Asker: 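Here it is, the structure, as structure tokens.
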Amino acid sequence: MSPFLNFIFFTIAIFFSFQFHPISSQQFVIPNANFSGNNPIANLSTAWINSGSEYRSQTSTELSAIRPILFGSTYACGFSCNGNCETYLFSVFILGGDVSFPQVVWSANRNNPVRVSATLELTSKGDLVLRDYDGRLVWSTNTAGMSVAGLNLTELGNLVLFSAENSVVWQSFDHPTDALVPGQILVSGKKLTSSVSRTNWSSDEGGFTVSMTNKGLIASIGSDPPEVYYQNLYEGTKQSKEASYAKFENGSLDLYINPYPTYPDMSIPISQANSPQYIKLGFDGHLRVFKWEGRQWNENGDIIKLIAEPCSYPMICGKYGICSDGQCSCPGTLENFRRINDRQPNLGCSQVVPLTCNNSSSNHSFLDLEDVTYFVFEPDISDIDMNSCKEACLKNCSCKAAIFRYGSHPSNGDCYLPSQIFSLMNNEYTYYNSSVSIKIQIAPNEDKEEKMKVSLGPIVGTLAGIFCASLIIGMIIFVWRRKKKVEEIEEHYLDHVSGMPARFSYQDLEIATNFFVNKLGEGGFGSIFEGSLKDGTRIAVKCLDGIGHMIKKSFVAEVETIGRIHHVNLVRLIGFCAEKSNRLLVYEYMCNGSLDKWIYSRSQETPLEWSFRRKIILDIAKGLAYLHEDCWQKIIHLDIKPQNILLDENYNAKIADFGLSKLIDRNQSGVVTTMRGTPGYLAPEWLSAVITEKVDVYSFGVVVLEILCGRKNFDQSKPEEERHLLSLFKRKAEEGRLLDLVEDMQCNGAEIEEMMQIAALCLQNDCAKRPCMSMVIRVLEGVRDVQTDFDYNNLLISHNLINTIQQVDYQGVTSLLPSVLSGPR
Ligand SMILES: *[C@@H]1O[C@H](CO)[C@@H](O)[C@H](O)[C@H]1NC(C)=O
Ligand SMILES: *[C@@H]1O[C@H](CO)[C@@H](O)[C@H](O)[C@H]1NC(C)=O
Ligand SMILES: *[C@@H]1O[C@H](CO)[C@@H](O)[C@H](O)[C@H]1NC(C)=O
Ligand SMILES: *[C@@H]1O[C@H](CO)[C@@H](O)[C@H](O)[C@H]1NC(C)=O
Ligand SMILES: *[C@@H]1O[C@H](CO)[C@@H](O)[C@H](O)[C@H]1NC(C)=O
Ligand SMILES: *[C@@H]1O[C@H](CO)[C@@H](O)[C@H](O)[C@H]1NC(C)=O
Ligand SMILES: *[C@@H]1O[C@H](CO)[C@@H](O)[C@H](O)[C@H]1NC(C)=O
Ligand SMILES: *[C@@H]1O[C@H](CO)[C@@H](O)[C@H](O)[C@H]1NC(C)=O
Ligand SMILES: *[C@@H]1O[C@H](CO)[C@@H](O)[C@H](O)[C@H]1NC(C)=O
Ligand SMILES: *[C@@H]1O[C@H](CO)[C@@H](O)[C@H](O)[C@H]1NC(C)=O
């Protein structure tokens, strides 16, 4: 194309792109209603030049001006600049309501900004090309010759190059920057990358990234290698060719992990909005949701919630800074580390003598920090003592610190050797006793400094006195302010419960439960009270009593694990309180109470319909399958029974109390040595072998039978030979009269009989033969046939076990036995 033609196109383009829009010179006010009438489509051979009038912001600190090119109703695209507008990005912006303060949600050239007079051109061959003022090629979609017919800014804010057949040739959604908009999908392999700072929008290469993997949503920092600071605990165990992805929906960020038809996937709640919203990965590592609220963009929740907030954010105190309650300090003395900026302690610390790595380890030593920990711990070496851990670090030049986690003996700790150090934190939040030994360079000649110190002593002393006095005053003011701020943050926290459990104060929960007046019930580990949060959310608060010292220390770590697990068939843990000796858990409130009230026919006027019962069985199976098979750590519930299955207003069943049994196990170094659970639901291997998730499968079998038969597994009101449901079940099976057991739902005979067979499979004596829960789901959903030639002699008869339990004196069992005992005394 000749320069002359080019010129013509530019002129035409400028004419078209700016003529229709009233350009108010000083105000950043864009009447939205008039945008919707505009065509968000551009034809081939169109060009736009970055000059002329622009919309200027008076108030917005982030975006200073825009020169829109295409408009939709919620989005526009064009040139934008921030700060003093020396450079511009070609970007897509999301507009607010009536008065719009656009926010950049995508840009083409964030690492390569252009200047005034840069050009964007959709060439006649279908390539979208950005050139700087001097003609230098800055960015292009490389779509020339790919039969592009035009450029469309869709309703969702996706910039699309479409073909004549209206298929997508290129789209901005495939190249996310640091933001997601509703409807956008983040597929595995793509990532959001944070900006360098509030004002520098370049992507920060050593900075924060958020991506989807088949283990869930992952947030990490650094590149050498990336260190994960947030992850949903979800392990995609299924083989699937489909990629995992996250989708931003109205009301949630839905995670599809190795999509598999029978599993409801996980969703992280976001408050619903009927106004524009977007998610942005901040330069501080937060993944915040922003929402247009009347006149401004407000933060409306944070998808990444960490338990040890704010200290577990990797850059909260900069590199090498130590975070304690949100305050930053530097490790060691001033001879080891100095603040990068004294007035901004959160910028981090630098080593006074930088580490050099060009010779042997002879010049390295360690600065030991006891009771300090790091946001990530991925052991490189296990079963090691601290000195060997440090030696291993000395031997590897890229190792920057030896992070050691004590085991049960000094010699069997774990050792992590990171090659980069972000912020450290004090140990108050973690269960493990750990220490960090930072590698430091031994200064070449120390005697010179010593002399300096001596001669300067008196003068330095006087000066230091004055300095200290002012410092102390300053500190007092700072701490006071900080305290106030922390309180505010906590307050804020309560309002935006999303994703991770919130930390409540005891006082909050006293208020929420009206001083624990309305007791809902008593569970295995404490009492449960009804309450409601300030925003009206109804909650159930469980007060754990009588937990030991070690458990107290592990409580928060454990809650962090449980709190990250979200599934529609697991009761949500909304938050917790760990204050002095109080340990409380805050759950979502389930208005229909526990399943036992609904299935034991005599206890309910109108027994639950068959369709509900079938759905409840499937729900329990799905919840268990998630705990057993989909989580990062396998979670064995250990106490599945109708009292622990709760029903919401639509009779969706959710498993409660999961993980608590495991919580109790921490003081037995992870091995279940004490009997847990409820007699009648206990699998036979409790008496001998290693406990696996198959104990839950067994309990599930018992619960299924109870649901089908509408009675307790041990019912003293029945005649002697019918008291034990399982022996009765076995007898009826042998007689081929299984349906005798069902009183009220005979008409669904075939289905019920099939379910009984599933129950039988789950109740087998040999735990290895019991199916895993995902198999149960497949049978329940009719994907697989139930095995029909089943030998009912494989069944375990539960009352034998109950009797045995009575004979064995398990210390501590009584205190753990939940309120409902089904067995004979
Ligand atoms: C849209 O533009 C027209 C003139 O072009 C103006 O009269 C009207 O007020 C505008 N609408 C809004 C909502 O600002
Ligand atoms: C783009 O091309 C179509 C069909 O060729 C035409 O109807 C439309 O007016 C053109 N749009 C612009 C903005 O030139
Ligand atoms: C542009 O995108 C919208 C969706 O926002 C779609 O309805 C429309 O058909 C697209 N136009 C073209 C020409 O592809
Ligand atoms: C923004 O950050 C990048 C990467 O750190 C740097 O190269 C660039 O110079 C910075 N830009 C400005 C304007 O400071
Ligand atoms: C999101 O959902 C809420 C509640 O269902 C609804 O009021 C709102 O209009 C929806 N927003 C969008 C953008 O669809
Ligand atoms: C050793 O490293 C330091 C700093 O990294 C550098 O200044 C010095 O030249 C290096 N020496 C050799 C011999 O490579
Ligand atoms: C590196 O170390 C070796 C012995 O440890 C020493 O002989 C050599 O001089 C050192 N080189 C430098 C550049 O320090
Ligand atoms: C040194 O540490 C780095 C990073 O921790 C690791 O990748 C590398 O394999 C280690 N080298 C040796 C020799 O162990
Ligand atoms: C951590 O364990 C080590 C070794 O057992 C001990 O020296 C240290 O005092 C412990 N720290 C705390 C805070 O318990
Ligand atoms: C550091 O190593 C170099 C070379 O091995 C040596 O000359 C120097 O004395 C060492 N410095 C100290 C403080 O050990």
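All figures in this text were calculated on a predicted structure; none of them were measured in a lab. Both counts, for ligands and for their atoms, begin at 1 and track the order of listing.
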Asker: Given that the side chain starts at C-beta and the backbone is N, CA, C, O, which of these parts of Asp380 lies under 4.0 Å from ligand 8, counting heavy atoms, or is it both or neither?
Answerer: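 Neither; no heavy atom under 4.0 Å.
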Asker: Heavy-atom contact check, 4.0 Å cutoff: does Ala273 meet ligand 5?
Answerer: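 It does, in that a heavy atom of Ala273 comes within the 4.0 Å cut-off of ligand 5.
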Asker: Under 6.0 Å between ring centres: does that hold for Tyr313 and His286?
Answerer: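 Yes, ring centres under 6.0 Å apart.
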Asker: Please name the pair of heavy atoms, one in Asp178 and one in Ser194, separated by the smallest distance, quoted to 0.1 Å.
Answerer: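 Here Asp178 and Ser194 meet closest at CB-CA, 4.4 Å.
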Asker: May I ask you to identify the nearest protein heavy atom to atom 4 (C) of ligand 8, giving residue, atom name and distance to one decimal place in Å?
Answerer: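 Of the protein heavy atoms, Ser398 OG, 3.7 Å lies nearest.
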Asker: Can you list the ligand 3 atoms lying under 4.0 Å from a non-hydrogen atom of Asn152?
Answerer: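 Within the 4.0 Å cut-off of Asn152, ligand 3 contributes 1 (C), 2 (O), 3 (C), 8 (C), 10 (C), 11 (N), 12 (C), 14 (O).
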Asker: Applying a 4.0 Å heavy-atom criterion (strictly less than), which segment of Asn274 is in contact with ligand 5: side chain, backbone, both, or neither?
Answerer: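 It is both parts that get close, each with some atom under 4.0 Å.
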Asker: Between the side chains of Ser275 and Gln277, is a donor N or O closer than 3.5 angstrom to an acceptor N or O?
Answerer: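 No pair is found: no donor N or O on one side chain lies under 3.5 Å from an acceptor on the other.
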Asker: Please say whether Thr154 places an N or O atom under 3.5 Å from an N or O atom belonging to ligand 3.
Answerer: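 Min N/O separation from ligand 3 is not below 3.5 Å for Thr154.
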Asker: May I ask you to list the atoms of ligand 3 that are less than 4.0 angstrom from any heavy atom of Asn166?
Answerer: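 Per the distance check, 12 (C), 14 (O).
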Asker: Measure from atom 2 (O) of ligand 3 to the protein's non-hydrogen atoms and state whether any distance is below 4.0 Å.
Answerer: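 Given the 4.0 Å limit, the answer for atom 2 (O) of ligand 3 is yes, a protein heavy atom qualifies.
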Asker: Mind checking whether Leu159 and Phe173 have side chains closer than 4.5 Å, heavy atoms only?
Answerer: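 They are not in contact (no side-chain heavy atoms under 4.5 Å apart), so the answer is no.
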Asker: Within 4.0 Å of atom 9 (O) of ligand 8 (strictly less), any protein heavy atom?
Answerer: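 When distances to the protein are checked, atom 9 (O) of ligand 8 has no heavy atom within 4.0 Å.
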Asker: Going by distance alone, is a donor N or O of one side chain under 3.5 Å from an acceptor N or O of the other, for Thr209 and Ser220?
Answerer: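 The criterion, which ignores hydrogens and geometry beyond distance, is satisfied for Ser220 and Thr209.
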Asker: Tell me: protein heavy atom nearest atom 11 (N) of ligand 8, and distance?
Answerer: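 For this ligand atom, the closest protein heavy atom is Asn396 ND2, 2.8 Å.
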Asker: So, is the end of the Arg572 side chain (NZ or CZ) under 6.0 Å from the ring centre of Tyr587 and within 45° of the ring's axis?
Answerer: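 No, cation not above the ring by the 6.0 Å, 45° rule.
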Asker: Just checking, is any N or O donor in the side chain of Ser91 or Ser80 under 3.5 Å from an acceptor N or O on the other one?
Answerer: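 There is such a pair between these side chains.
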Asker: Side chains of Asn396 and Ser398: do they bring a donor and an acceptor to under 3.5 Å?
Answerer: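 Side-chain D/A pair, Asn396 to Ser398: present.
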Asker: Taking distance alone, with N or O pairs closer than 3.5 Å, would you say Ser419 contacts ligand 8?
Answerer: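 Between Ser419 and ligand 8 (N or O atoms, distance only) the closest approach is not under 3.5 Å.
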Asker: As an exercise, identify every atom of ligand 5 less than 4.0 angstrom from a heavy atom of Asn250.
Answerer: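 Checking each atom against Asn250, I get 1 (C), 2 (O), 3 (C), 8 (C), 10 (C), 11 (N), 12 (C), 14 (O).
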Asker: Counting each atom of ligand 3 from 1 as listed, which ones have a heavy atom of Ile41 under 4.0 Å away?
Answerer: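 Those of ligand 3 that fall under 4.0 Å from Ile41 are 11 (N), 12 (C), 13 (C).
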Asker: Which protein non-hydrogen atom lies closest to atom 5 (O) of ligand 8, naming both residue and atom, and how far is it?
Answerer: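 For atom 5 (O) of ligand 8, the nearest protein heavy atom comes out as Leu417 O, 3.6 Å.
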Asker: Enumerate the atoms of ligand 3 whose separation from the nearest heavy atom of Glu155 is less than 4.0 angstrom.
Answerer: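 Listed by number with element, the hits are 5 (O).
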Asker: Check each of Trp106, Phe93, Phe290 against Tyr278 using the ring-ring contact (aromatic ring centres under 6.0 Å, His included) test, and report the only one that passes.
Answerer: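 The single option meeting the ring-ring contact (aromatic ring centres under 6.0 Å, His included) with Tyr278 is Phe290.
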Asker: Between the side chains of Ser411 and Asp385, does any donor sit under 3.5 Å from an acceptor?
Answerer: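 There is no such pair (donor and acceptor under 3.5 Å, judged by atom type) between the side chains of Ser411 and Asp385.
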